[in-house]
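The basis for the numbers below is simple: all heavy atoms, side chains too, and nothing from hydrogens, waters or symmetry mates.
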Amino acid sequence: MRWTLKPKPSSEKVKALATELKVDELVATLLVQRGIETYEAARQFFRPSLEDLHDPYLMKDMDKAVNRIENAIASGENILVFGDYDVDGTTAVSLVSSYLKSYYPDVATYIPDRYDEGYGISYKGIDYADDNGCSLIIALDCGIKSIEHVAYAKNKNIDFIICDHHRPGEFLPEAVAVLDPKREDCSYPYDELCGCGVGFKLIQALAQNRNQTIEDLLPYLDLVATAIAADIVPITGENRTLAKFGLEVINSNPRPGIKALIQNVKKKVLTITDVVFIIAPRINAAGRIKHGNEAVALLTEYDLDQAEIFASEIEQHNSDRKDLDKQITTEALDQIEINQEAEKFTTVVYDKSWHKGVIGIVASRLTETYYRPTVVFTKSGDKLAASARSVKDFDIYNALEACSEHLEQFGGHMYAAGMTLKEENYAAFKEAFERVVGETIHPDLLTPEISVDAEINLTDINEKLIRILNQFEPFGPQNMTPVFMSKGLKDSGYAKGIGADEAHLKLFVKQNGSQGFGAIGFGLGKKVDLVKNQNPFDAVYCIDENEFNGNVTVQLRLKDLR
């Protein structure tokens, strides 16, 4: 494990901000590291307001999208809301379709089948629209590269509105409107929205047109917050505002579908992390194991009893998904051992029986064991399909591009990608991928890194600091939970392994006779001997509040020690 201390920001900036905000320099340092350098930026960070959301009409083509939808409603056209089968897609479809249905009945939804149709807009979906007399398709979280599909629909007199957040190719589809803040010619002030976020801007524009206020749209923010959490987009700017208010809806008055998913959870207040690990995998499980339609049915159901029935089916899919992912991960790890591939630069594994819906999760699991770029293949029709995952700072998309002669098709981004190839090309791809990564990856990137915000002393930890750190939430990319390092710690004789196989480490730490803090290190049980007999050690950790029997205590959540 590498520990990397983030560069210290300019002391002038830190001092100026500390003075202006009346906070100490540690807090000001954390803020400047996050790009917050002025009083106004700090106000928006600590007190996000729905009033700060940008005008949706600043997004290119928004006026065209709204006019086309209003015309469709005025002339009684059937509208099809189409979206991808993952969390971002299914929440976006649920959001836009349920908003439109609140005042217009002729709205249907369509989620492509992960196995039969694959990712994005499908010809089958367009044919479905045609068969059902739909003359307008609103596509969410996909479509920015679907030039042929949009042309195919045009021949059938079906118009498209595309709401996407992926990077466009050289040409845009000839849709009535293409809403995508990543368009080169779009000057929308924030371009890190997820697909459901772009869908929200569309309903915000429609709402303005109908003299509704942002308050009228609050009930939809539970969906937006779920998508932001699941899609791992930066928790900055507009995303942070939408996530914060969406979390409040999840915790106070969620829609019946989300309520049904979380009612068995012991926690009283869910954080963004809970959404990532509790709500998102369950919504995803529908599309992985059965069909994404089940997620949309759950998220648009207004009767709690019916929502509970849907939720229990999805719970079963999630349980099946867990069993599959455990089993396949074990088989893949065995394959690496048998083939004596533990010392390579890459992991590339294949079995024709592996379930296509979980190979992405398995790829992530394998990178936890062997920290290196990973590709997991299975059989899909007459080809092999794969999911790829990378390690921090290594661009796996570029590596695949360098091996593209062996691939049928591939797509994705720096850290995750998907691809297909002919079975006879598997061995050649595996060899080429190992060579390319071996030649281009810096050896340091093959060791996991912990990025440390600041070195502090235990005496710096007090109630005021914790109160302010709590206001940094919601956490996520570009606003991660602060990680601190302290040196010369000693355990007060409490050190022990706990949990199954004593996998975790429990301590009570002090520094030069300071006040002591309880500390827990998940997965660090093997390091118990490092800290026994009051041996001094350094640690990296997050500061948590631990609630037990109604008592709240400060606890250090150890990430590593040495």
Side-chain angles (χ1 to χ4, degrees), residues 65 68-69 72 77-101 104-166 168-169 171-180 194-196 198-199 202-203 223 227 283-284 286-300 356-357 380-381 383 385 409 411 418 420:
R68 181 65 187 89
I69 291 168
E77 294 175 55
N78 291 338
I79 301 172
L80 184 68
V81 181
F82 185 108
D84 196 27
Y85 41 69
D86 67 0
V87 179
D88 196 12
T90 52
T91 52
V93 166
S94 303
L95 172 93
V96 173
S97 65
S98 60
Y99 176 74
L100 289 173
K101 279 182 180 170
Y104 183 66
D106 302 329
V107 178
T109 61
Y110 191 94
I111 304 286
D113 184 284
R114 186 181 200 116
Y115 306 106
D116 178 35
E117 296 162 80
Y119 168 78
I121 294 169
S122 64
Y123 292 113
K124 205 171 178 176
I126 296 167
D127 291 342
Y128 175 88
D130 193 31
D131 294 344
N132 288 278
C134 298
S135 46
L136 175 62
I137 297 177
I138 302 172
L140 295 142
D141 188 35
C142 59
I144 196 66
K145 290 185 175 173
S146 303
I147 291 169
E148 290 89 358
H149 292 88
V150 172
Y152 176 78
K154 211 171 194 174
N155 283 336
K156 295 177 175 286
N157 293 319
I158 297 170
D159 284 339
F160 256 99
I161 292 170
I162 288 168
C163 305
D164 205 346
H165 69 122
H166 297 96
F171 301 104
L172 294 174
E174 287 189 18
V176 171
V178 177
L179 307 179
D180 187 334
C194 60
C196 187
V198 178
L202 176 62
I203 72 165
L223 292 171
I283 295 172
N284 245 334
R288 289 183 189 283
I289 302 297
K290 195 77 183 284
H291 199 290
N293 283 337
E294 294 194 11
V296 174
L298 172 76
L299 295 173
T300 54
K356 192 178 168 191
S380 178
K383 298 210 173 85
Q409 61 187 73
T420 56

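For Glu174, the salt bridge (Lys or Arg N to Asp or Glu O under 4.0 Å) test picks out Lys154, with sequence neighbours left out. Applying the salt bridge (Lys or Arg N to Asp or Glu O under 4.0 Å) test to Lys156 and every residue at least two apart in sequence or in another chain returns Asp127, Asp130. For Asp116, the salt bridge (Lys or Arg N to Asp or Glu O under 4.0 Å) partners are Lys124, not counting sequence neighbours. Taking Arg68 as the reference, Glu77, Asp159 meet the salt bridge (Lys or Arg N to Asp or Glu O under 4.0 Å) condition, with sequence neighbours excluded.
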(message) Using the rule given for side-chain contact (heavy atoms from CB on, under 4.5 Å), can you reason through Tyr110 versus Ile137, listing the C-alpha separation, both sets of side-chain angles and the distance that settles it, and then say yes or no?
(response) CA-CA 10 Å; Tyr110 191 94; Ile137 297 177; over 6 Å; no
(request) Any chance you could lay out the side-chain contact (heavy atoms from CB on, under 4.5 Å) test for Ile162 and Asp180, step after step, and finish with the verdict? (result) CA-CA 8 Å; Ile162 288 168; Asp180 187 334; over 6 Å; no
(message) Set out, in order, the CA-CA distance, both residues' side-chain angles and the distance that settles side-chain contact (heavy atoms from CB on, under 4.5 Å) for Asp164 and Val198, then state yes or no.
(response) CA-CA 7 Å; Asp164 205 346; Val198 178; over 6 Å; no
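In this structure the side chain of Leu202 reaches within 4.5 angstrom of the side chain of Ile69, judged on heavy atoms. Using a 4.5 Å heavy-atom cutoff, the side chains of Thr420 and Ser380 are not in contact.
With rounding to the nearest 0.5 angstrom, the CD1 atom of Ile138 is 9.5 Å from the CG atom of Leu179. Taken from CG in Asp106 to SG in Cys134, the straight-line distance is 9.0 Å, to the nearest 0.5 Å. Between Cys163 atom SG and Ile144 atom CD1 the span is 10.0 Å, to the nearest 0.5 Å. Note that the CD1 atom of Ile111 and the OG atom of Ser94 stand 7.0 Å from one another [nearest 0.5 Å]. Note that OG of Ser98 and CD1 of Ile203 are 7.0 Å apart. Values are rounded to the nearest 0.5 Å. With rounding to the nearest 0.5 Å, the separation of OG1 in Thr90 from CG in Asn284 is 7.0 Å.
Heavy-atom minimum distance, Ile161 versus Ala65: CD1-O, 3.6 Å. Residues Tyr123 and His149 come closest through the heavy atom pair CE1-NE2, 3.5 Å. Across Phe171 and Ile147, no two heavy atoms sit closer than the pair O-CD1, 3.5 Å. Across Ile121 and Gly143, no two heavy atoms sit closer than the pair CD1-CA, 3.5 Å. Heavy atoms only, all atoms of each residue included: Ala227 and Cys194 are closest at CB-SG, 3.9 Å. Annotation for Pro168 and Lys145: closest pair C-CE, 4.2 Å, computed over non-hydrogen atoms.
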Distance-only donor-acceptor pairs under 3.5 Å for side chains of residues 287-294, two or more places apart:
from, atom 1, to, atom 2, distance (Å)
Arg288, NH1, Gly357, O, 2.6
His291, ND1, Asn293, N, 3.0
His291, ND1, Asn293, ND2, 3.3
Glu294, OE1, His317, NE2, 2.8

Anything under 3.5 Å between a donor and an acceptor, one on a side chain of residues 78-87, the other on a protein residue two or more places apart or in another chain? List them.
from, atom 1, to, atom 2, distance (Å)
Asn78, ND2, Asn132, O, 3.2
Asn78, ND2, Gly133, O, 3.3
Asp86, OD1, Asp88, N, 3.3
Asp86, OD1, Gly89, N, 2.9

